[in-house]
Amino acid sequence: MEHHQNCRRFLDSLSDYVDGSLSAELCRELDRHMADCANCKIVVDTLKKTVYLYHETAAQPSIPSDVRVRLFRRLKLDDYLEK
Amino acid sequence: MSKLVELEEGFSLEALQNGDQAEFARVVEAYSGYIYRLGMKMLQNPQDAEDILQETFIKAFHAFPRFDGRSKVSTWLYRIAANEALMFLRKKRPDTVSMETRYQDESEDDPEPLQIIDWCCLPEEELISDEVRRHLDESIEQLPESSKIVFILRDIEGLSTQETAEALEISEMAVKTRLHRARLQLRELLTAYFRERLPGTI
């Protein structure tokens with residue numbers, strides 16, 4: 001793999017790019033760079049997909065009912081258990 | 001007459017500070033699912049996650065008189081829970097320190113991407129299966145603790161950079177650096193996993 005000096009320079013900015021929080025100027029530079037650099041394009045795409053997969057598969061924030069009951073009892077909130 | 005302060009999330013600060021049980025129960029109802037999920041992702045074990053859940057709310061109840069309402073209740077709870085989880089992990093595995101130091105130096109460069117393989121083209125059902133879910137969890141487990149907690153708060157719990165910094169009492173810059181490092185490391189692990197599933201590979 002050919003190593004571009006530029007790739008190294010952009011590496012630190014990739015998460016900001018994926019989050020859409022990179023400055024407009026750097027964003028344009030990176031877009032231009034990726035048009036010529038297939039490797040960086042792949043790293044960005046797979047980085048984006050990695051974050052996406054964790055978002056998509058995150059469990060709903062819920063707790064098993066027995067865990068909830070034990071929590072309320074431990075906190076002496078038995079009176080508030082019924083939903 | 002003092003004005004009643006209603007917190008951003010609709011709880012009464014005064015009631016919580018005064019140890020009002022009904023108000024506390026509302027907080028527990030609203031956030032126990034999130035705290036349990038955090039515990040599960042950090043510790044990967046239902047019993048340990050339940051311990052963290054209980055400890056977090058016990059500590060919160062005792063600490064509410066000192067809660068000033070400057071941060072969200074949820075961010076404040078995440079702070080307690082993150083501390084509990086990190087302490088738990090350190091107690092359980094005191095030998096992780098050496099692993100930690102390899103990644104902890106903020107000034108160090110990010111690890112270079114090693115595997116350049118495009119697996120984005122895999123069909124959605126191959127990207128999101130039960131097996132993949134297990135692999136996603138196992139990959140989180142391999143992260144050093146300091147970036148694992150940042151990744152979970154930012155990319156799973158959906159806290160902002162500022163809220164994560166508040167919860168962990170670190171700078172926003174440190175949040176960004178650790179998040180980026182965690183994502184790069186997870187990308188490597190997922191690439192290693194998916195490369196074998198690409199058509200045409202042996």
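Within every chain, numbering begins at 1; the chains are lettered A, B, ... in the order of the sequence lines, protein sequences first and strands thereafter. Since the structure is predicted, the reported quantities are computational estimates derived from the model, not experimental observations.
The contact between B:L190 and chain A is made entirely by side chain atoms (from C-beta outward), counting heavy-atom distances below 4.5 Å. For B:F151, the part lying under 4.5 angstrom from a heavy atom of chain A is the side chain only. The part of B:R37 that comes within reach of chain A is its side chain, from C-beta onward, which places non-hydrogen atoms under 4.5 angstrom from that chain. Contact of B:R183 with chain A is made through backbone and side chain together, with heavy-atom distances under 4.5 Å. B:I140 touches chain A through backbone and side chain together, each having a heavy atom under 4.5 Å away. In this structure, no portion of B:A49 lies under 4.5 Å from any heavy atom of chain A. Looking at B:K176, the atoms closer than 4.5 Å to chain A (heavy atoms on both sides) all sit in the side chain, from C-beta outward.
Listed options B:L136, B:L53, B:D155, B:D137 were ranked by heavy-atom pairs under 4.5 angstrom with chain A; first place goes to B:L136. Highest contact tally toward chain A, considering only B:F57, B:Y36, B:F61, is held by B:Y36 [criterion: heavy-atom pairs under 4.5 Å].
A donor-acceptor distance shorter than 3.5 angstrom exists from the side chain of B:Q115 to the backbone of B:E188, with no hydrogens or angles considered.
Taking the six-membered ring where the residue is Trp, B:F64 and B:W76 present tilted rings, their angle falling between 30° and 60°.
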Check against salt bridge (charged side-chain N to carboxylate O under 4.0 Å, His left out), B:K59 and B:E84: CA-CA 10 Å; B:K59 290 224 162 110; B:E84 288 295 313; 2.5 Å; yes
